[in-house]
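Any value given below was found using the heavy atoms of this structure, including those in side chains, with hydrogens, waters and symmetry copies removed.
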Amino acid sequence: MSQHLSILGSTGSIGVSTLDVVGRHPDRFSVYALSAHRNLDRLFEQCVAHRPKVAVVADAQGAHSLAARLADAGLKVEVTYGPQALIEIAQASEVTMVVAAIVGAAGLQSTLAAARAGKRILLANKESLVLSGALFMATAERAGATLLPLDSEHNAIFQCLPQVAGENRVSTRGVEKLVLTASGGPFRERELASLENVTPDEACAHPNWVMGRKISVDSASMMNKGLEVIEARWLFNMPPEKIEVLIHPQSVIHSMVTYADGSTLAQLGNPDMRTPIAHALAFPDRVTSGVTGLNLADIGKLTFEAPDLRRFPCLRLAFDTLRSGGTAGALLNAANEIAVAAFLEGRIRFTAIAQVVEQVLDAVAVGEATSLDVVLEADRRARELAAGIVAKLPAPASS
């Protein structure tokens, strides 16, 4: 039976890769709905290629523009807009799988709606668990939702854990440690003193992966890895002391699991998001992804090193946040989103990103994340404070 997908954030790198895999298996997958924020040209092209029933955009103006273009092309696609429309396509009765690929806190409510509706969720929006891990996992469990990770690291861990017989979940019995690998990004070997002068284009020039600008900056600062550590804690119910990060510049080993008997299992593959996407789409089956298999003889060697927390203070802040619990994740993520946006706009230095986040974490008391409203209020407060801190920082000399 064909699986019907809603792809939240279809014009980003995850959405594009998902549609590439889906297009290779028209007998298995069909597209019910697509969503985009501002990239209407790409969304139009996706609608032409995949013929969804519904397309969702950010606002009424964009909806009117897209609807007119689709009508001119002779396509019958319902075009809607706004946060409520995202929730509706996430929980629509026709949908069996939801790809949660909206970047940042903006993806929380629609992803949570998919969990409430008991959907099979292909999770790329790590912020849903960073902001509301305990709430999100409890909601998913109550509704019988299935969570399959799309981040290459979490998907690798998932593949290294034994599947519970007859269920779409894995067991962590006997696990001693989860090891998330990280490339180290573009600044792994750069002089520390020079980091304050890096440009947005340099920060976005990832050596191994092609990603959007926000996540590329997060990779350069290793905040992205910090967010992944918090996500892993909730996905696999693993305490902070059993989660480690290891720098692996080749991005061939995507993560590892160490067991009590001394065994370590690793998942390897070329750095292409279509591999974890294909795994999650077809699980527990395997389907072609369009990715070429590894040739280890050509690669020659794989290297590893411990992360330098002086170079990557955002990783330290994420581990501190994980140990704090409660609303700390919402504070961390919100402050980082404000700081990264300011850096990309040329208003603060790269090294100021961690400074902004740390000042917000120091200034706002952490509370219990007892409800979504509490989480969203922490998010709002952190954004407000971070914006004030950014406004007082000196701009880079070149701006």
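- With rounding to the nearest 0.5 angstrom, the CE atom of Met273 is 8.0 Å from the OG1 atom of Thr18.
- Under 3.5 Å, the side chains of His4 and Ser30 contain a donor-acceptor pair of N or O atoms.
- For residues 50-71, the pairs satisfying side chain to side chain donor-acceptor pair (under 3.5 Å) are Arg38-Asp59, Asp41-Arg69, Lys53-Glu94, with sequence neighbours left out.
- No single ILVMFWY cluster, assembled from side-chain heavy atoms under 4.5 Å apart, contains both Ile89 and Leu34.
- Applying the ring-ring contact (aromatic ring centres under 6.0 Å, His included) definition to pairs two or more places apart or across chains, those involving residues 324-349 are Phe343-Phe350.
- Checked by atom type, the side-chain pair Thr199/Asp201 shows no donor-acceptor distance below 3.5 Å.
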Under 3.5 Å, which donor-acceptor pairs link side chains of residues 170-177 to any protein atom two or more places apart or in another chain?
residue, atom, partner, partner atom, Å
Ser171, OG, Arg173, N, 3.2

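- The ring-ring contact (aromatic ring centres under 6.0 Å, His included) contacts involving residues 216-249 comprise His248-Phe304, where partners must be two or more places apart or lie in separate chains.
- Looking at Asn336 and Asp218, their side chains do bring a donor and an acceptor atom within 3.5 Å of each other.
- Taking hydrophobic clusters as Ile, Leu, Val, Met, Phe, Trp and Tyr residues chained together by side-chain heavy-atom distances below 4.5 Å, Val56 does not share a cluster with Leu5.
- Side-chain contact, Thr258 with Thr264: a donor N or O sits under 3.5 Å from an acceptor N or O.
- Heavy-atom contacts from other residues, nucleotides or ligands closer than 6.0 Å to OH of Tyr81 number 12 or fewer.
- Linking ILVMFWY residues whenever their side-chain heavy atoms come closer than 4.5 Å, directly or via other members, leaves Ile102 and Leu131 in distinct clusters.
- Side-chain N or O atoms of Asn270 include none that pairs as donor or acceptor with a backbone N or O of Val291 at under 3.5 Å.
- The 12-atom threshold is exceeded at CD of Glu241, counting heavy atoms of other residues, nucleotides or ligands nearer than 6.0 Å.
- Of the candidates Glu231, Glu153, Glu244, Lys225 forms a salt bridge (Lys or Arg N to Asp or Glu O under 4.0 Å) with just one, namely Glu153.
- Checked against side-chain contact (heavy atoms from CB on, under 4.5 Å), Ser324 has the following partners two or more places apart in sequence or in another chain: Ala328.
- The hydrophobic clustering, which links ILVMFWY residues whose side-chain heavy atoms are closer than 4.5 Å, places Val164 and Met238 apart.
- Relative ring orientation between His25 and Phe29 is described as perpendicular, the plane-to-plane angle rising above 60° on a 0-90° scale split at 30° and 60°.
- For the 3.5 Å distance criterion, the side chains of Asn125 and Ser128 qualify, holding a donor opposite an acceptor.
- Contact of the Ile7 side chain with the Tyr32 side chain is not registered, since no non-hydrogen atoms from C-beta on lie closer than 4.5 Å.
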Please report the C-alpha distance between Gln250 and Thr303 in whole Å, then the side-chain angles of each, then the deciding distance to 0.1 Å, and finally whether the side chain to side chain donor-acceptor pair (under 3.5 Å) criterion is met. CA-CA 7 Å; Gln250 295 81 19; Thr303 60; 3.0 Å; yes
Please determine whether salt bridge (charged side-chain N to carboxylate O under 4.0 Å, His left out) holds for the pair Glu384 and Arg380, giving the CA-CA distance in whole Å, both sets of side-chain angles, and the decisive distance to 0.1 Å. CA-CA 6 Å; Glu384 181 182 80; Arg380 184 203 64 76; 3.4 Å; yes
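- Using modelled atom types, no side-chain atom of Gln109 and backbone atom of Pro83 make a donor-acceptor pair closer than 3.5 Å.
- Within a 6.0 Å sphere centred on CD of Glu141, heavy atoms belonging to other residues, nucleotides or ligands number 12 at most.
- Taking a 6.0 Å sphere around CD of Glu167, one finds it holds more than 12 heavy atoms contributed by other residues, nucleotides or ligands.
- For Thr111 (side chain) and Gly107 (main-chain N/O), a donor-acceptor pair under 3.5 Å exists by modelled atom type.
- Here Val16 pairs with Arg42, Gln46 under the side-chain contact (heavy atoms from CB on, under 4.5 Å) rule; sequence neighbours left out.
- In terms of hydrophobic clustering, with Ile, Leu, Val, Met, Phe, Trp and Tyr side chains grouped at heavy-atom distances under 4.5 Å, Val98 and Ile277 are assigned to different clusters.
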Begin with the C-alpha distance, continue with both residues' side-chain angles, and end with the deciding distance and a verdict on salt bridge (charged side-chain N to carboxylate O under 4.0 Å, His left out) for Arg28 and Asp285. CA-CA 11 Å; Arg28 296 185 66 119; Asp285 298 335; 3.3 Å; yes
